[in-house]
Amino acid sequence: MTTPSAHMGTMAVHAGQSPCPTTGAVMPPVYLSSTYAQQSPGEHAGFEYTRSHNPTRYALERSIARLEGSTLCESSDASFGGFAFSSGLAAISCLLDTLTAGDHVLAMDDLYGGTHRLFRQVRARSQGLNFNFADLSKLDEVEAAITPETKLLWVETPTNPMLKLADLEAIAAIAKDRGILCACDNTFATPILQRPLASGFDVVMHSATKYLGGHSDVVGGILVTGCPQLAETIRFHQNSVGSILGPFDSYLVLRGIKTLDIRMRAHCQGAAQIAAMLSSHPKVRLVVYPTHSSHPQSELAARQMQIDGTPVGGGMITIELDGDLAGCRRFLESLDVFTLAESLGGVESLANHPAIMTHASVPAEDRAALGINDSLVRLSVGIEDVRDLIADLQSALEAI
């Protein structure tokens, strides 16, 4: 295993892993066994049943815990700080399971549509939790929306799809002063760009389906914490509810993480060039990219999202086209290198229409308030040659 002082590129390849002691295999083996032999009742090698314990999943959980900076990831028992689930929503659900009916959750107003649906349409009813949504990019709104019953602050930064930023250190300080758990969906940035635990957050969540897996071939979710008591609680609920990530999917995410650092550099470099091109195109009304000078929080982005000390904006771009829904459809249907599809964060570039696709479950009035209109397009910039991506977008824009 690598030391915590290793650079992120080295950590991505090696963190939480070591050659198999039996065979010397460099890549952690895929342990498909559902159960494990015991020498005597209760006497075993640390593994009883794969829902509870699995060596392949443990390797992934140690890896992402180390990358996110959890100090628990070297524990030899089951309480280390990373936890892998069957999807990102399963990971969020597990964290919600640690709350009690009547608790209040304050969430960012601009959220992944599935998270919004889980909060408002499922857990408010099934668990009796109270949810409110506010613009957590504005600290005065954070302060104003907290109630005596608030037990969790749920933050996305950058948000999906409007790419708003939340000041991690400031929000963590507010939560700590009030004894409130604070969690960050770090899917868009990944630990390569920002590490919320280092800013004082209690929990980090990832849709491992996206950048961690990186190849659009696996669905998974991750929670990471540096708090021993919370780690024990999450592990208990993970095992009790059973929404764990399977061994082969754990292997796929772990394989993807090995190239995470180099992929994120390519995503960021390509996206920055594309955002610059789109910002001067006559058929684009608005370009939203965190480190672009037009972004209202570009200074925060420069301070909070970095690779090797250099500000980076990530691989996501949101644009508003100068046209109606019909023109937007023509643009999306004319793309060739970009694929019209849901999801994001893979090596291939994707285009998405949030209002019809990923955020259709968000009430229309909420979408309108956020600016998610019929002309809005979300781009996930892959690692193809940026010249081909720019040419593809320029050609499709002519169809509007």
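A donor-acceptor pair under 3.5 Å links the side-chain atoms of T98 to the main chain of L95, judged by distance alone. At distances below 3.5 Å, not a single donor-acceptor pair connects side-chain atoms of T115 with backbone N or O atoms of L111. At distances below 3.5 Å, not a single donor-acceptor pair connects side-chain atoms of T318 with backbone N or O atoms of V377. Side-chain N or O atoms of D249 include none that pairs as donor or acceptor with a backbone N or O of S86 at under 3.5 Å. Checked by atom type and distance alone, the side chain of S70 never pairs as donor or acceptor with a backbone atom of R66 at under 3.5 Å.
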Practice problem: Could you give me the CA-CA distance, side-chain angles and deciding distance for R285 and D322, then say whether salt bridge (Lys or Arg N to Asp or Glu O under 4.0 Å) is met? | Solution: CA-CA 5 Å; R285 281 198 293 256; D322 188 17; 3.1 Å; yes
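Between F131 and H104, the ring center distance fails the sub-6.0 Å criterion. Under the 6.0 Å cut-off for aromatic ring centres, F133 and H116 qualify, their centroids lying closer than that.
Contact check on E299 versus R303 returns no salt bridge, with no Lys/Arg side-chain nitrogen under 4.0 Å from an Asp/Glu carboxylate oxygen. Under a 4.0 Å N-O distance rule, the pair R235/E61 qualifies as a salt bridge. With salt bridges taken as basic N to acidic carboxylate O contacts below 4.0 Å, none links K138 and D167. A salt bridge is absent between R367 and D110; no separation between the charged side-chain nitrogens and carboxylate oxygens falls under 4.0 Å. The existence of a salt bridge linking D109 and K164 is confirmed by a sub-4.0 Å separation between a basic side-chain nitrogen and an acidic carboxylate oxygen.
Side chains of Q17 and K258: a donor-acceptor N/O pair is present below 3.5 angstrom, by distance only. Side chains of Q121 and R117: a donor-acceptor N/O pair is absent below 3.5 angstrom, by distance only. Residues E68 and H206 have side chains that bring a donor and an acceptor to within less than 3.5 angstrom of each other.
Around atom CD of Q269, no more than 12 heavy atoms belonging to other residues, nucleotides or ligands sit under 6.0 Å away. Dense packing is recorded around CD1 of I356, with more than 12 heavy atoms of other residues, nucleotides or ligands lying under 6.0 Å away. For CZ of F236, the number of neighbouring non-hydrogen atoms (other residues, nucleotides, ligands) closer than 6.0 Å is 12 at most. Residue R329 qualifies as open at atom CZ: its count of foreign heavy atoms under 6.0 Å is 12 or below.
Among L152, D103, V122, the single residue meeting the side chain to side chain contact (heavy atoms under 4.5 Å, CB included) criterion with L96 is L152.
In this structure, Y31 and F248 have side chains that are not in contact, with every pair of non-hydrogen atoms separated by 4.5 Å or more.
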